[in-house]
Amino acid sequence: MSLDAAPASLWDGARRIVSTGDLDEKIRISHATARSWFARALSLRERTGGQPMPAQPGRPETPLLLPPRDMPKRAVGGQAGRIALLHSLAHIELNAVDLTWDLVGRFAGHRIPRSFFDDWVRVGLEEAKHFSLLRKRLADVGSSYGALPAHHGLWEAAESTGNDLTARLAVIPLVLEARGLDISPNMIAKARRTGDWETADILEIIYRDEKRHVAFGAKWFRFLCDRERTDPEARFQHLVRRHFKGGLKPPFNDRARAEAGLTPGFYRPLVRLTG
């Protein structure tokens, strides 16, 4: 099937998004799939099945992907520091695109309300928007995505939770995206202090959207726990200990987390003790 062909189903669109290493195509297909889904022009899956979701997302030749332990120390000041931060954030958002659409495609055959997919298609579209904004901002400051090395650790969460929707929701929105709620306010304030209003405005958009993504995660995690008649907080802690390396590290943005439905009883017992 050519890349230009309309997706045959939501699952097919998700598979093509994750599979392609062409970043422009990844964003284009994200928009096309979301548009068709919300127009109610797509089924969840083709009746005949098809190829499985890819084990790894498609990636361009650059950036060079390294294990987290081999990543060079990131510049923190001046123009080099700004570029390094934007590049790091763009890489996180690109992974978020693939992680979200992988969730949509991988679990399209599960017994879940259609509104679940409405929520996560919206998230996939917003992650594509975030990556596009950061990619353009990198170009505005004289760089590009792929100009610096990046780490390959984020996809490990997809590999570990590929067969367990409850675990996927625990780790991706309720650990990784929730961490964005903790660190974004300081990044926004720093960008404004240094006069980088354009970057600050992008980070404000991402912060606002991330709160909604965490809320979707908390809502559907509770839904699955209620269906399984398990305690959400205890289940969350069990799954994070099993699938996420290391404990969670403060400080936490408790207010933003609670506004998204992720109350301290979920994550405070997982704090890693140091010192």
Side-chain angles (χ1 to χ4, degrees), residues 1-60 90-132 135 152 154-174 176-177 209-210 212-214 216-217 219-221 223-224:
M1 183 181 293
S2 70
L3 287 175
D4 291 333
S9 65
L10 181 63
W11 168 82
D12 178 58
R15 181 185 59 80
R16 290 164 61 190
I17 293 162
V18 178
S19 297
T20 184
D22 183 320
L23 299 181
D24 293 324
E25 280 299 303
K26 197 178 288 286
I27 302 308
R28 185 191 70 78
I29 303 170
S30 294
H31 284 269
T33 301
R35 187 165 54 248
S36 294
W37 174 254
F38 287 121
R40 295 303 185 237
L42 292 181
S43 62
L44 267 172
R45 291 183 67 92
E46 300 108 318
R47 293 183 182 276
T48 56
Q51 301 176 44
M53 293 296 291
Q56 294 286 330
R59 287 286 181 265
H91 185 65
I92 290 169
E93 295 299 332
L94 177 59
N95 275 273
V97 173
D98 288 319
L99 286 166
T100 303
W101 287 107
D102 182 80
L103 180 152
V104 169
R106 192 169 297 274
F107 299 101
H110 284 54
R111 187 172 58 89
I112 322 169
R114 188 181 181 94
S115 56
F116 172 92
F117 296 99
D118 289 343
D119 286 348
W120 294 105
V121 168
R122 178 176 180 177
V123 173
L125 190 59
E126 290 177 345
E127 302 294 15
K129 174 186 69 178
H130 300 166
F131 176 69
S132 296
R135 192 181 179 197
H152 194 48
L154 290 170
W155 192 253
E156 291 177 358
E159 295 172 326
S160 175
T161 61
N163 297 314
D164 186 338
L165 177 56
T166 312
R168 176 66 65 91
L169 293 174
V171 173
I172 303 301
L174 300 185
L176 297 181
E177 289 232 51
D209 291 348
E210 278 181 336
R212 179 166 48 250
H213 302 175
V214 175
F216 287 161
K219 176 178 76 172
W220 289 109
F221 185 83
F223 170 86
L224 293 173

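These figures come from a predicted structure and were not determined experimentally.
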Can you sort out the partners of [X] under salt bridge (charged side-chain N to carboxylate O under 4.0 Å, His left out), two or more places apart, ordered by chain and number?
X: E177; value: none
X: R35; value: none
X: D119; value: K219

Lys/Arg N to Asp/Glu carboxylate O, D12 vs R16, below 4.0 Å:
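Salt bridge flag = yes for R16 with D12.
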Does a salt bridge link D118 with R40, judged by any charged N lying under 4.0 Å from a carboxylate O?
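Yes, D118 and R40 are salt-bridged.
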Write out all pairs satisfying salt bridge (Lys or Arg N to Asp or Glu O under 4.0 Å) with one or both partners inside residues 103-115, taking only residues at least two apart or from two chains.
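Residue pairs passing salt bridge (Lys or Arg N to Asp or Glu O under 4.0 Å), neighbours aside: D102-R106.
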Say you draw a straight line from [atom1] of [X] to [atom2] of [Y]; how long is it, rounded to the nearest 0.5 Å?
X: L174; Y: L176; atom1: CG; atom2: CG; result: 10.0 Å
X: R122; Y: F216; atom1: CZ; atom2: CZ; result: 5.0 Å
X: R28; Y: E25; atom1: CZ; atom2: CD; result: 4.0 Å
X: L224; Y: I112; atom1: CG; atom2: CD1; result: 7.0 Å
X: E93; Y: K129; atom1: CD; atom2: NZ; result: 10.0 Å
X: I29; Y: S36; atom1: CD1; atom2: OG; result: 11.5 Å

Taking every non-hydrogen atom, the tightest pair across [X] and [Y]:
X: A108; Y: W11; value: CB-CB, 4.2 Å
X: P54; Y: R15; value: CD-CG, 4.1 Å
X: G13; Y: T33; value: CA-OG1, 3.6 Å
X: F221; Y: A170; value: CE1-CB, 3.8 Å
X: W155; Y: A55; value: NE1-O, 2.9 Å
X: L125; Y: H31; value: CD1-ND1, 3.5 Å

Begin from the C-alpha positions of E127 and H130 and carry the test side chain to side chain donor-acceptor pair (under 3.5 Å) through to its verdict.
CA-CA 5 Å; E127 302 294 15; H130 300 166; 3.2 Å; yes
Is the closest side-chain heavy-atom distance between [X] and [Y] below 4.5 Å?
X: W101; Y: L10; result: yes
X: D24; Y: R135; result: yes
X: Q56; Y: E159; result: yes

Before you tell me yes or no, could you show the steps for S115 and W220 under side-chain contact (heavy atoms from CB on, under 4.5 Å), namely the whole-Å CA-CA distance, both residues' side-chain angles and the distance that decides it to 0.1 Å?
CA-CA 10 Å; S115 56; W220 289 109; 3.4 Å; yes
Mind running side-chain contact (heavy atoms from CB on, under 4.5 Å) on L103 and I172 for me, showing each step along the way?
CA-CA 10 Å; L103 180 152; I172 303 301; 5.8 Å; no
Set of residues satisfying side chain to side chain contact (heavy atoms under 4.5 Å, CB included) with respect to D164, sequence neighbours excluded
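With neighbours one apart ignored, the set is T166, A167, R235, L239.
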Under the rule for side-chain hydrogen bond (donor to acceptor under 3.5 Å, both in side chains), what residues qualify as partners of S160, not counting sequence neighbours?
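For S160, the residues satisfying side-chain hydrogen bond (donor to acceptor under 3.5 Å, both in side chains) (neighbours in sequence not counted) are H243.
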Would you sort out whether N95 and F131 count as a side-chain contact (heavy atoms from CB on, under 4.5 Å), showing the intermediate values?
CA-CA 9 Å; N95 275 273; F131 176 69; over 6 Å; no
Determine the interplanar angle of the F116 and W120 rings, folded into 0 to 90°, and report it as parallel if under 30°, tilted if 30 to 60°, perpendicular if over 60°.
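Geometry flag for W120 against F116: tilted rings.
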Using the salt bridge (charged side-chain N to carboxylate O under 4.0 Å, His left out) rule, take K26 and D98 through it: C-alpha gap first, then chi angles, then the decisive distance, then the call.
CA-CA 9 Å; K26 197 178 288 286; D98 288 319; 2.9 Å; yes
